[in-house]
Undergrad: 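Please see the structure below; I have some questions.
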Amino acid sequence: MTRVWSGLGPAVDRVRRRTQAFWHFPDKTVDLHRDESVYETLYEGHARAIEGDEVIGGGPFDLIGRMELSVLLMEGLAPTDTLLDFGCGTGRLALQAIPALVGGHYIGTDISKTILLRAERHIARAFASPPCQISWIHQRTEAFPLADDSVDMMCAFSVFTHMEHEDSFRYLTHAIRLVRPRGRLVLSCLPLDLQAAREVFLAQAKTDFRTRWAQVRNVTTSRDFVTAIATLAGWTPLHWYPGDQRNIRPIDGDEPLAFGQSILVLENHSRPS
Ligand SMILES: C[S@@+](CC[C@H](N)C(=O)[O-])C[C@H]1O[C@@H](n2cnc3c(N)ncnc32)[C@H](O)[C@@H]1O
């Protein structure tokens, strides 16, 4: 974490000395030098400040979940698969995916215990007897507590949009161990070829470093950059669903819609099947 500071000049060093790198926000304090999981601290603060499903962002909760499941089905999700929903939030995808996983296994992980509990509550209320196995994991680091080759498909919707590229790379590197050979990872991101991403970038650029990292932030990128780091992590990129094209028909929906974020599909060719 200290490396974040290096090279940012004497002004930042002065702030660091004065504040000892303590960032303040609603009811939690981030210490960039000592905090073991800055992302966790940020997301927990966020979860305590924002009630309900709003914590994972606005938009039509049900429709977005149906679009997410639709992509996974197009990418070959089968009823008996084990699906890892990394950064599962309050259960937007889980509510849709669990009925589709008949005889399979849904695993939801999240860095925020508070958010994870909201997902668990949603699912307990929605399914008296779920058709598949369900696991919830409070995941505090990039070391996924799952066995090698134990996952058929993994997704990360709107998760790498909140971390530095180096951290996305760390998660991608670990993930390839648990996704089986020829298994897929479906991730969304905010490349700057999207107008919406350019707006996010400009809004973030209005604030200084300290302000940006005092809260959960939105990280933009480019398709080339994400493709490159996924490849460096050992994944084989397959294709994109550009976020501004109407290319996803939500399950039970009539019209194809644009997801908003662009979606990259990766496959694990790092080991023989
Ligand atoms: C914008 S929400 C998206 C939730 C969900 N994927 C969906 O599409 O409904 C981002 C979620 O990712 C989680 N998250 C962020 N960074 C994470 C990390 N490093 N490890 C696990 N979860 C993380 C957050 O706590 C939050 O619940």
Side-chain angles (χ1 to χ4, degrees), residues 1 28 30 35-72 83-98 106-123 126 135-146 151 153-175 178 185-190 196-197 200 213 215-220 241 243 248 250-251 259-264:
M1 273 302 160
K28 206 73 165 117
V30 180
D35 206 319
E36 275 178 34
S37 177
V38 168
Y39 290 125
E40 181 183 11
T41 308
L42 288 172
Y43 255 108
E44 269 305 310
H46 187 65
R48 291 202 209 111
I50 302 177
E51 284 176 13
D53 296 323
E54 286 296 308
V55 70
I56 60 163
F61 188 81
D62 178 69
L63 178 65
I64 295 172
R66 291 193 288 123
M67 291 182 80
E68 292 177 347
L69 176 60
S70 177
V71 178
L72 302 185
L83 170 67
L84 169 59
D85 184 6
F86 168 57
C88 63
T90 60
R92 189 159 58 179
L93 171 63
L95 280 165
Q96 309 298 332
I98 286 168
Y106 169 88
I107 305 172
T109 81
D110 206 280
I111 202 161
S112 159
K113 188 88 182 156
T114 304
I115 292 177
L116 198 63
L117 285 171
R118 285 181 205 170
E120 285 190 59
R121 273 202 299 270
H122 263 315
I123 299 309
S135 306
W136 303 106
I137 299 175
H138 179 213
Q139 183 178 355
R140 302 188 65 222
T141 74
E142 64 275 10
F144 294 84
L146 294 166
V151 167
M153 188 177 282
M154 170 174 166
C155 61
F157 287 110
S158 203
V159 184
F160 294 128
T161 42
H162 301 290
M163 62 175 85
E164 293 209 322
H165 287 106
E166 288 81 354
D167 294 315
S168 298
F169 173 76
R170 289 160 68 91
Y171 280 96
L172 289 168
T173 303
H174 280 268
L178 42 121
L185 193 168
V186 177
L187 67 87
S188 73
C189 62
L190 279 169
V200 165
W213 281 106
Q215 57 207 333
V216 171
R217 62 165 301 206
N218 295 313
V219 175
T220 53
Y241 294 81
I248 300 167
I251 53 156
F259 189 65
Q261 299 187 5
S262 293
I263 294 173
L264 173 61

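Counting convention: from 1, in listed order, for ligands and their atoms alike.
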Undergrad: Using a strict 4.0 Å cut-off to heavy atoms of His162, name the atoms of ligand 1 that fall inside it.
TA: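 Listed by number with element, the hits are 1 (C).
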
Undergrad: Would you mind finding which of Tyr171, Phe160, Phe144, Tyr39 brings a heavy atom closest to atom 19 (N) of ligand 1?
TA: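 Going through Tyr171, Phe160, Phe144, Tyr39 one by one, Tyr171 has the nearest heavy atom to atom 19 (N) of ligand 1.
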
Undergrad: Could you check which of Arg92, Gln96, Arg170, Lys113 puts a non-hydrogen atom nearest to atom 7 (C) of ligand 1?
TA: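 Heavy atom nearest to atom 7 (C) of ligand 1 belongs to Arg92.
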
Undergrad: Would you check, one step at a time, whether the test salt bridge (charged side-chain N to carboxylate O under 4.0 Å, His left out) holds for Arg48 with Glu44?
TA: CA-CA 6 Å; Arg48 291 202 209 111; Glu44 269 305 310; 3.5 Å; yes

Undergrad: Any idea which protein heavy atom is nearest atom 3 (C) of ligand 1, and the distance to it?
TA: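 Scanning the protein heavy atoms, the shortest distance from atom 3 (C) of ligand 1 goes to Phe157 O, 3.5 Å.
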
Undergrad: For atom 11 (C) of ligand 1, grab the closest protein heavy atom and report residue, atom and distance to one decimal in Å.
TA: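 Residue, atom and distance for the closest contact: Gly87 O, 3.7 Å.
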
Undergrad: Within less than 4.0 angstrom of ligand 1, does Leu93 place any heavy atom?
TA: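 False for this residue.
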
Undergrad: Distance only, no hydrogens: is a donor on one side chain within 3.5 Å (strictly under) of an acceptor on the other, for Tyr39 and Asp167?
TA: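 Asp167 and Tyr39 do have a side-chain donor-acceptor pair below 3.5 Å.
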
Undergrad: Does any N or O of ligand 1 fall below 3.5 Å from an N or O anywhere on Thr109, backbone included?
TA: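 By distance alone, the answer is no.
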
Undergrad: Any chance you could measure Arg217, atom CZ, to Leu42, atom CG, to the nearest 0.5 Å?
TA: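 Arg217 CZ to Leu42 CG: 11.0 Å, rounded to 0.5 Å.
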
Undergrad: For ligand 1, is there an N or O atom under 3.5 Å from any N or O atom of Met163?
TA: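 Such a contact does not occur with ligand 1.
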
Undergrad: Under 4.0 angstrom from ligand 1, any heavy atom of Gly57?
TA: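 Contact check Gly57 vs ligand 1: negative.
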
Undergrad: Backbone, side chain, both or neither: what part of Ile115 comes under 4.0 angstrom of ligand 1, heavy atoms only?
TA: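 Side chain only; the backbone of Ile115 stays clear of ligand 1.
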
Undergrad: Would Tyr43 count as being in polar contact with ligand 1, using the rule that some N or O on each side must be under 3.5 angstrom apart?
TA: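 Checking ligand 1 against Tyr43, no N or O pair falls under 3.5 Å apart.
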
Undergrad: Evaluate Asp85 for polar contact with ligand 1, using N/O atom pairs at a separation under 3.5 Å.
TA: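 No; every N/O pair is 3.5 Å or more apart.
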
Undergrad: Quick one: nearest non-hydrogen protein atom to atom 22 (N) of ligand 1, plus distance?
TA: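 Nearest neighbour among protein heavy atoms for atom 22 (N) of ligand 1, to 0.1 Å: Ile111 N, 3.1 Å.
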
Undergrad: Answer with side chain, backbone, both or neither: which part of Glu68 has a heavy atom less than 4.0 angstrom from an atom of ligand 1?
TA: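 Just the side chain.
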
Undergrad: Please check whether Val159 reaches ligand 1 - meaning an N/O of the residue sits under 3.5 Å from an N/O of the ligand, judged on distance alone.
TA: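 No: no nitrogen or oxygen of Val159 is under 3.5 Å from one in ligand 1.
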
Undergrad: Once you restrict to heavy atoms under 4.0 Å, what part of Ala47 touches ligand 1? Side chain, backbone, both or neither.
TA: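 Neither; no heavy atom under 4.0 Å.
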
Undergrad: Tell me, which protein residue and heavy-atom name are nearest atom 10 (C) of ligand 1, and how many Å apart are they?
TA: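 Among all protein heavy atoms, the one nearest atom 10 (C) of ligand 1 is Ser158 O, 3.3 Å.
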
Undergrad: Closest non-hydrogen protein atom to atom 13 (C) of ligand 1, residue and atom name please, with distance?
TA: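 Its nearest protein heavy-atom neighbour is Asp110 OD2, 3.3 Å.
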
Undergrad: Exactly one of Leu187, Ile64, Ile56, Val186 should register a side chain to side chain contact (heavy atoms under 4.5 Å, CB included) with Phe157. Which one does?
TA: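 For Phe157, the side chain to side chain contact (heavy atoms under 4.5 Å, CB included) check succeeds only for Val186.
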
